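What follows is one structure encoded as structure tokens, with my remarks underneath.
For ligands, and for the atoms within them, numbers begin at 1 and follow the listed sequence. What you see is a predicted model, and the numbers here were worked out from it, not measured in a lab.
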Amino acid sequence: MTDYEKLGAFYLGKRYDMGAGGLTDDLVLYDSKDLTTHAVIIGMTGSGKTGLGIDLIEEAAIDRIPVIAIDPKGDLGNLLLSFPDLKGADLEPWVNRTEAENMGLSPADYATQQAEFWRKGMAEWDQGVERIAKLRDAAEFAIYTPGSTAGTPIAVLRSFAVPPEAIRTDADLFRERVQTTATSVLALLGMEVDPLTSREHILLANVLQRAWAAGTDLDLARLIAQVQDPPFETIGVMALEQVFPKKDRFGFAMQLNNLLAAPGFEAWMQGVPLDASRLLFTESGKPRVSVLSIAHLGDQERMFFVTMLLNDLIGWMRQQPGTGTLRAILYMDEVAGYLPPVANPASKPPFLTLLKQARAFGLGVVLSTQNPADLDYKALSNAGTWFLGRLQAERDKARVMEGLEGVTQSGRFDRNAMEQLIAGLGKRTFLLHSVHESMPEVFQTRWTMSYLAGPLTREQIRKLSPGAGQPVAAATKPTSATSSAVSPVTDPAAGPPAVPPGVPQFHLPATGADVTWIPGVLGVADVAYGNAKLAIDRSERVVHVAPFVEGPVAVDWGEADALEIGAEHIAEGAPAEGRFGRVPAAVTAKGLAEWQKSYARWLRTSQALTLYRSVSLRVLSTPGESERDFRMRLQQEAREQRDTRVAALREKYAPKVQALQAKLQAARDRIAREQGEASADKLQTAVSMGSAILGAFLGRRKLSSTNLSRMGTAARGMGRMQKSSGDVARAEGSAEQVEARLAALEQEIEAEIGKVESGFDAQQEPLETVSVKPKAGALNVHAVGLVWLPWRETPAGRQPAWSA
Ligand SMILES: Nc1ncnc2c1ncn2[C@@H]1O[C@H](COP(=O)(O)OP(=O)(O)O)[C@@H](O)[C@H]1O
Ligand SMILES: [Mg+2]
């Protein structure tokens with residue numbers, strides 16, 4: 001019963017027969033790649049939306065697809081409540097105490113009962129507890145609480161970092177990022193403004209835009225400083241002083257500053273950085289299910305956080321290669337207010353951008369809401385999949401019908417039938433409409449593996465967040481070698497120290513004044529690599545700085561650090577002012593010649609490219625691709641191969657199965673005619689495939705004629721002609737033959753499915769390393785000389801004062 005996992009299909013539930021009013025045994029398997037065209041879940045409170053969302057997320061996790069789940073109500077934390085043993089003790093901390101009391105049970109006894117109840121529920125949906133182990137193994141589950149230390153906080157405000165290249169080079173995306181950041185910061189201040197006329201908005205956007213265009217990160221402190229004293233004098237064609245006089249700017253800066261000083265605000269500054277890549281994958285590239293719990297936040301704070309998160313996610317997305325296979329999911333429960341039809345909150349532009357662009361990158365967006373009126377029409381019509389649950393108000397039903405009619409091919413929409421279906425939906429029952437399927441289908445959601453305990457308390461969230469409440473150290477970037485330098489001795493008034501003639505000098509641009517210049521040895525070179533077999537032909541500019549050390553050899557390139565700074569940012573000559581470190585005695589023209597030689601020698605041996613190769617997929621990493629990135633890519637590659645394989649199988653077998661099923665139907669009809677029977681029900685169930693998985697796999701897409709018979713074409717004229725038993729026997733004989741052929745075909749398909757590579761785990765994949773040495777003779781050393789590195793003394797020690 002686990003074969004559907006091989007197919008990249010999400011097991012969402014079983015078909016519900018609206019006519020007969022009962023659950024069938026037909027699995028509803030949703031093709032994961034259909035989710036790249038996004039989905040909406042609509043249904044009244046209690047209709048089972050969150051349960052369906054959790055089903056979807058669990059299925060994604062099993063397929064090692066990472067998920068970011070935004071949780072405004074606090075229900076999604078339940079995704080962390082899955083226990084491979086499903087024992088009472090596992091559930092005890094999470095069960096509802098009041099309910100236990102009402103039933104006159106101790107929490108422990110109630111938990112045991114609940115564990116049994118859950119086990120039974122899962123079993124009824126053909127899921128053994130071993131599936132929970134599989135789920136836990138496939139992904140890492142984490143809960144974050146932005147703006148609060150109850151769980152793991154997210155440092156949203158630590159930096160307004162320069163957006164990635166992919167955003168900066170796209171004028172529309174860059175403008176959107178600037179505008180939505182400004183809007184969301186103002187939202188945090190409680191200011192809902194018109195971006196076109198509000199001077200606060202215009203000023204913030206200008207400050208952000210100019211800093212980012214220049215490649216400078218901002219933090220809140222610098223943002224405040226720049227609001228008071230912007231590094232520009234005009235806005236558009238008007239003088240800054242006219243648009244927003246200094247006195248007023250001061251007031252605005254104060255407002256921002258008060259935000260900083262507000263109690264509890266430091267929670268926005270600590271924790272893991274807001275980084276979509278880190279929310280989607282662990283350090284080693286294992287997929288994550290990250291629940292972002294925002295139930296504790298006020299409306300404005302929620303808007304701020306969601307917008308910043310969506311912006312970052314867009315940046316991540318744009319750095320991914322294109323794919324037709326699902327790569328990641330963004331799920332949002334209760335999306336009301338974030339993507340409304342008329343108003344234009346900060347979150348709306350990035351949401352619309354995601355719905356428009358995410359498909360190409362394999363990012364599926366799933367939005368859940370109670371009321372169709374909460375969703376922008378463009379969002380609704382852009383969604384390829386609709387899960388429609390029970391709706392209460394007639395108005396809601398009407399709106400959903402309109403929307404559905406709009407996205408359904410004309411001529412195929414039967415409004416009356418659809419209205420009836422929707423009106424009859426019960427709890428956990430959804431109408432699945434998908435642009436990828438031939439017709440809609442009603443199903444009941446499968447039992448979740450996660451224990452649905454309801455909203456979690458602060459204490460419960462804390463328990464689920466190891467390391468929560470502890471401030472997380474900021475990432476430091478000082479490099480070992482460049483910091484172990486000689487102590488400064490010069491008087492700032494004295495200027496740069498004398499350096500022997502013939503030794504070229506360089507310095508790195510300092511960020512800010514009041515720095516101490518420490519000398520090191522700079523090396524800049526081009527290193528070339530060539531390997532025809534591996535299709536590698538590239539040249540790289542490298543920049544190194546080696547420290548001066550005490551001892552007979554003053555410069556050891558083995559101690560050098562590669563600088564992540566472009567050679568073009570290195571200035572020639574000594575810096576004009578500051579405190580300077582002592583120039584070591586080893587700095588001479590003769591020493592320089594020696595460093596040049598040893599640099600070239602060292603580059604040849606130390607600069608080999610290390611590439612990884614996947615043993616089973618035979619894929620090679622690209623130069624500069626980290627092991628984490630490579631493993632993430634391998635997982636996606638395996639999924640793409642699987643999807644291609646599955647599509648080919650379906651292509652190959654669906655018509656064959658369809659043809660045989662039609663034949664069988666005809667043979668059965670004949671028997672019925674011969675016997676004078678017309679029990680349509682019996683016939684229909686008999687025609688469906690022997691295996692529920694195959695039925696679902698081949699079922700809805702191609703076999704529309706079978707579907708039609710399934711949906712009930714009972715009213716087929718059947719004569720009541722009594723025939724001789726010989727005719728009956730002949731008809732039965734031919735039906736049996738077709739049945740046998742169908743059974744053989746089924747076996748063949750099963751065998752083919754069995755051969756589909758599945759369960760590929762990039763985390764466990766053995767990697768070979770391939771080393772490519774620099775091309776001999778193609779080494780080009782551009783510069784070697786004395787370099788001055790700016791450092792700043794801080795209470796926390798000496799920090800680099802140059803930007804990467
Ligand atoms: N897939 C499911 N498996 C088990 N129980 C479910 C499932 N879906 C819903 N339920 C039950 O129904 C209740 C209401 O469903 P829920 O998904 O929270 O509705 P909604 O999100 O639409 O308000 C849940 O608290 C849970 O007890
Ligand atoms: Mg819900």
Side-chain angles (χ1 to χ4, degrees), residues 10-16 23 27-30 39-62 69-83 86 91 94-96 98-100 103 110-111 113-129 131-132 135 291-295 331-338 366-372 374-375 386-393 396-397 400 422 425-432 442-456 460:
F10 287 179
Y11 170 32
L12 297 185
K14 293 182 182 177
R15 196 169 62 80
Y16 190 88
L23 198 59
L27 303 193
V28 168
L29 300 181
Y30 180 86
V40 289
I41 304 176
I42 302 171
M44 60 187 272
T45 303
S47 60
K49 296 183 300 298
T50 305
L52 173 56
I54 287 181
D55 280 344
L56 263 170
I57 294 170
E58 288 176 348
E59 296 294 324
I62 283 189
I70 308 177
D71 185 16
K73 259 181 82 179
D75 286 334
L76 295 179
N78 292 345
L79 275 162
L80 276 81
L81 306 184
S82 60
F83 308 95
L86 200 50
L91 297 192
W94 316 105
V95 294
N96 188 322
T98 323
E99 237 158 70
M103 292 175 73
Y110 181 62
Q113 201 197 65
Q114 284 287 294
E116 223 19 72
F117 173 63
W118 218 257
R119 194 183 283 262
K120 206 170 128 261
M122 283 184 59
E124 276 166 14
W125 292 84
D126 312 308
Q127 304 176 99
V129 287
R131 203 161 185 246
I132 302 179
L135 171 72
V291 175
L292 300 165
S293 183
I294 54 173
Y331 174 84
M332 183 155 180
D333 211 32
E334 303 292 348
V335 74
Y338 294 88
V366 183
L367 304 174
S368 171
T369 188
Q370 294 173 25
N371 192 333
D374 290 335
L375 273 182
W386 295 41
F387 294 103
L388 298 177
R390 196 187 176 93
L391 291 167
Q392 205 164 27
D396 295 351
K397 283 181 207 162
V400 162
I422 291 182
L425 292 173
K427 204 179 150 184
R428 273 175 64 190
T429 315
F430 289 84
L431 177 86
L432 163 56
V442 176
F443 75 103
Q444 192 165 352
T445 57
R446 71 156 172 79
W447 202 273
T448 60
M449 288 183 261
S450 313
Y451 177 62
L452 301 183
L456 301 177
Q460 287 177 325

Query raised in the report: If you measure every N/O of T45 against every N/O of ligand 1, is any gap under 3.5 Å?
Result: no
Query raised in the report: With only distance considered, is G46 within less than 3.5 Å of ligand 1 through an N or O on each side?
Result: yes
Would the distance check show the side chain of [X] and the main-chain N or O of [Y] forming a donor-acceptor pair, the cut-off being under 3.5 Å?
X   : Y    : answer
E58 : S450 : yes
S47 : T45  : no
Y11 : W125 : yes

Requested in this report: Have a look at ligand 1 and work out which part of L452, if any, has a heavy atom under 4.0 Å from it: side chain, backbone, both or neither.
Outcome: side chain
Query raised in the report: Nearest to atom 18 (O) of ligand 1 by heavy atom, N78, L52, T50, D333: which?
Result: T50
Report summary line: Filtering R428, K427, M449, R390 for the heavy atom nearest atom 12 (O) of ligand 1 leaves K427
Query raised in the report: Where do T448 and D55 land on the side chain to side chain donor-acceptor pair (under 3.5 Å) test, with the steps shown first?
Result: CA-CA 6 Å; T448 60; D55 280 344; 5.2 Å; no
Distance to 0.1 Å, residue and atom name: give those for the protein heavy atom nearest to [atom].
atom                    : value
atom 15 (O) of ligand 1 : G48 CA, 3.6 Å
atom 1 (N) of ligand 1  : R446 O, 2.8 Å
atom 17 (O) of ligand 1 : G51 N, 2.8 Å
atom 3 (N) of ligand 1  : T448 N, 3.2 Å

Report task. Look at K14 together with E124 and state whether they make a salt bridge at an N to O cut-off of under 4.0 Å. Result -> no
**Report entry** Contact check: T50 to the Mg ion (ligand 2), N/O/S below 2.8 Å
**Finding:** yes
Query - Heavy atom of protein closer than 4.0 angstrom to atom 25 (O) of ligand 1 - result: no
Query raised in the report: Strictly under 6.0 Å, is that where the ring centroids of W447 and F117 end up?
Result: yes
